[in-house]
Amino acid sequence: MNRSSKKTCRKGLPAVGFIPVFPRNPMAIFISDTQKSICLNFGLAEKYNGKCNLRFDDTNPTKENIEYVNSIRADVKWLGFDWEDREFYASDYFEKLYELAAYLIKKGKAFVCDMTVEEMAAGRGTPTIPGKESPWRNRSPEENLDLFARMRKGEFTDGTKVLRAKIDMSSPNMHMRDPVMYRIMRANHHRTGDKWCIYPMYDWAHGQSDYLENITHSVCTLEFEVHRPLYDWFLDNLDIQENRPRQFEFARLNLNYTVMSKRKLLELVEGGYVNGWDDPRMPTVSGLRRRGYTPASIRTFSEKVGVAKRENVIDMALLEYCIREDLNKNAPRVMGVLDPVKLVIDNYPDDRVEELEATRNPEKPEEGHRIVPFSKNLYIERKDFMEDPPKKFFRLSPGKEVRLKYAYIIRCERVEKDEAGNITEIHCTYDPQTKSGEGSTKKVKGTLHWVSADHCLNAELRLYDRLFEVPDPDDVAEGGNFKDSLNPGSLQVINGLIEPSVKDGVAGQRYQFERTGYFCIDADSSPEKLVFNRTVTLRDSWAKMQGK
RNA sequence: UGACCGAUGGUGUAACGGUAGCACUACAGUUUUUGGAGCUGUCUGUCCAGGUUCGAAUCCUGGUCGGUCAACCA
């Protein structure tokens, strides 16, 4: 937002409501413009004590359908916004828009034009060359009114006539060169059925719908900036003085390591590079939802991103920060081993099983604890053991001690290997004096997560990573394609072992797998086959150190 | 070769004409039964040139760079 629009906001809202406006028809809400716009609109309304309407600008029946509307509605609701009973459609106003158009015709400000699409394109000129006036431009208001009425009645075939605003064919702003207001289009509309065979264009319907809804701030993305003079022209020529809506523009959101254009996203979906619009790698609301993002994290993200008119590229790290911040506070902890290696505690009784108390969430002590079974045979993370460790490796290695989280301190005595030299079993001894919570003062540098071999659950783990390997996939070399930089490792499916407490989790339940990352149960999961999506890893300063 | 819009650390975003702040990132220290989280600190910025002014990120002029606009799409 620029200075003046900000000032307008600060002054408070004249009377009622905010914004509205919905693009129609994405298969999914993209976080780039629609989501940002939703958060912005509803956020502003909240902040300035206004109201935000939800309006679908359904002016083109060939490009809209009820599923689009429903998916937008579901996503907005999921984000946590409530438009109460203020769900509107431009099609609610078709009759009024028709009357307003007739008003302009009577004033000599609009005319019916018989040019073909090609003729019109040819006569439009270019930004530097003025266009030519339509030969039909000077029909009388009476004739125009009659023709317009007959357009509505269906007396003309599709594409043979349009209603145009009479403005200025030599304007440097192409949108002011007698823009089309209505076209003839015999298409079934998802709300008005076959009642109409003429449909208003966006520019015509939009501002007038804002006016009819008493909108004060109509917010849209930057590319509509050049439409604003037309937006205002309609209001002026309709002689609207009171309660004039005003259009404000903001820059859409760009994120690195992904693409944001609908066309490219569609290409990824149709080419099978991802599994649909709600693939957890997609920058869509439904994708992020499935990935495990919370509505709160997306709203926080939208706030942190800010609003301005300059082009911007937001670092994916900010999005990740927002979800980690939320999940750290709210996700219950659980232990899960992604790449298991067997660990045997030689001095632990064969048939003994201890039920250990493990903190559910250290950020919320009031949530108490869960029970985790501990026994002689365990699995730990393969990378938590090194036979020949570098310095500063605080994990397990021969002769060294670590704590098994919530359990005991153990010492590695020896390892077994297969013929290829891979470690198959790590043999340890435990110190019975060091049980968690029993006051042992013995300190060790490292703490490992683990699962009990006889009690753990198998689970499919879908490890997601950024979709592209480069920050700006759109920046392609000659002859290249944005898909060239697709990250082949953006989805890795593995089998992991998880502590038994997750067995009753339902789809959508989020956890922190201690020391590894945040995961949520996918919709594909079942009691027979658990499936988790990795939302985001934990920050890993050890990995970072090693990377250097 | 037109019109419109924009330009503040690596990335975003603030600052009635009056101390350039906040967040993310990065780095360092501290703490820790998650190498997580927390806490403390550090680095890096007003596109350029003129002008107005006691004083300019802010106002003016001219450049430079970037974006947008020529569907019966939205």
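By convention in this document, chain letters (A, B, ...) are assigned in the order of the sequence lines, proteins followed by strands, and residues within each chain are numbered from 1.
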For [X], answer base if it contacts any base atom (sugar-phosphate contacts may also be present), sugar-phosphate if it contacts only those atoms, and nothing otherwise; contact means non-hydrogen atoms under 4.0 Å.
| X | value |
| --- | --- |
| K443(A) | sugar-phosphate |
| F224(A) | base |
| E325(A) | nothing |
| T62(A) | nothing |
| M115(A) | base |
| G437(A) | base |
| P362(A) | base |
| M120(A) | base |
| F393(A) | base |
| R333(A) | base |
| Y199(A) | nothing |

Taking only nitrogen or oxygen atoms into account, show me every contact under 3.5 Å that the protein makes with nucleotides 7-12 of chain B, one pair per line with its distance.
| residue | atom | partner | partner atom | Å |
| --- | --- | --- | --- | --- |
| U8(B) | OP2 | R310(A) | NH1 | 2.4 |
| U8(B) | O4 | R310(A) | NH2 | 3.2 |
| U11(B) | O3' | V313(A) | O | 3.1 |
| U11(B) | O2' | V313(A) | O | 2.8 |
| G12(B) | OP1 | V313(A) | N | 2.8 |
| G12(B) | O5' | V313(A) | O | 3.2 |
| G12(B) | O2' | V305(A) | O | 2.6 |

Side chain of [X] - closest among [options]:
| X | options | result |
| --- | --- | --- |
| K405(A) | C73(B), G35(B), U34(B) | U34(B) |
| W542(A) | A74(B), G36(B), G35(B) | G35(B) |
| R395(A) | U34(B), G35(B), C73(B) | G35(B) |
| D540(A) | G6(B), G36(B), G35(B) | G35(B) |
| R539(A) | C24(B), G35(B), A37(B) | A37(B) |
| Y321(A) | A23(B), G36(B), C5(B) | A23(B) |

Taking atom [atom2] of [N] as reference, at what distance in whole Å does atom [atom1] of [X] sit?
| X | N | atom1 | atom2 | value |
| --- | --- | --- | --- | --- |
| N328(A) | C39(B) | CG | P | 11 Å |
| F394(A) | U34(B) | CZ | P | 13 Å |
| D114(A) | C72(B) | CG | C1' | 13 Å |
| E225(A) | A3(B) | CD | P | 16 Å |
| H449(A) | U32(B) | NE2 | P | 22 Å |
| Y518(A) | U34(B) | OH | P | 13 Å |

In chain order, what residues pass the salt bridge (charged side-chain N to carboxylate O under 4.0 Å, His left out) check against [X], with sequence neighbours excluded?
| X | answer |
| --- | --- |
| E367(A) | K364(A) |
| R310(A) | none |
| R370(A) | E499(A), E514(A) |

Worksheet entry | By ring pair (Phe, Tyr, Trp, His ring centres under 6.0 Å) - contacts of F94(A) (at least two apart) |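 Per chain and number, F94(A) pairs via ring pair (Phe, Tyr, Trp, His ring centres under 6.0 Å) with H189(A), W196(A), Y199(A).
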
Fill in: Any residue meeting side-chain contact (heavy atoms from CB on, under 4.5 Å) with E67(A), in chain and number order, not counting sequence neighbours
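side-chain contact (heavy atoms from CB on, under 4.5 Å) list for E67(A), sorted by chain: N65(A).
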
Item to complete: Would you please name every residue forming a side-chain contact (heavy atoms from CB on, under 4.5 Å) with A296(A), sequence neighbours left out?
Response: T294(A), D326(A)

Do [X] and [Y] have side chains that approach each other closer than 4.5 Å (heavy atoms only, starting at C-beta)?
| X | Y | answer |
| --- | --- | --- |
| P340(A) | V337(A) | yes |
| V313(A) | L255(A) | no |
| H206(A) | R55(A) | yes |

Practice prompt. Could you note down all residue pairs passing salt bridge (Lys or Arg N to Asp or Glu O under 4.0 Å) where residues 432-444 of chain A supplies at least one of them, sequence neighbours left out?
Written response: E354(A)-K435(A), E401(A)-K442(A), D431(A)-K442(A)

Worksheet, complete the sentence: Residue pairs passing the salt bridge (Lys or Arg N to Asp or Glu O under 4.0 Å) test with at least one member in residues 148-165 of chain A, sequence neighbours excluded, are E95(A)-R152(A), D114(A)-K161(A), D146(A)-R150(A), R150(A)-E155(A), D158(A)-R186(A)

Report all interatomic pairs (protein N or O, nucleotide N or O of nucleotides 69-71 of chain B) with separations under 3.5 Å.
| residue | atom | partner | partner atom | Å |
| --- | --- | --- | --- | --- |
| C69(B) | O2' | H175(A) | NE2 | 3.3 |
| A70(B) | O2' | R124(A) | NE | 3.1 |
| A71(B) | OP2 | R124(A) | NH2 | 3.3 |

Which pairs would a plain distance check flag for residues 166-174 of chain A, meaning a side-chain donor or acceptor within less than 3.5 Å of a matching protein atom at least two apart in sequence or in another chain?
| residue | atom | partner | partner atom | Å |
| --- | --- | --- | --- | --- |
| K166(A) | NZ | R137(A) | O | 3.2 |
| D168(A) | OD1 | S170(A) | N | 2.9 |
| D168(A) | OD1 | S170(A) | OG | 2.8 |
| S171(A) | OG | N173(A) | N | 3.0 |
| S171(A) | OG | N173(A) | O | 3.3 |
| N173(A) | OD1 | H175(A) | N | 2.9 |
| N173(A) | ND2 | V226(A) | O | 2.9 |

Worksheet item: Mind checking whether Y202(A) and F224(A) have parallel, tilted or perpendicular rings, split at 30° and 60°?
Response: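 Rings of Y202(A) and F224(A): tilted, as their planes differ by 30° to 60°.
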
Worksheet item: Just the dot-bracket of RNA chain B, please: which string comes out with Watson-Crick or G-U pairs under 3.5 Å, [ ] for crossing, | for another strand?
Response: .((((((..((((....[..)))).(((((.......)))))....(((((..]....))))))))))).....

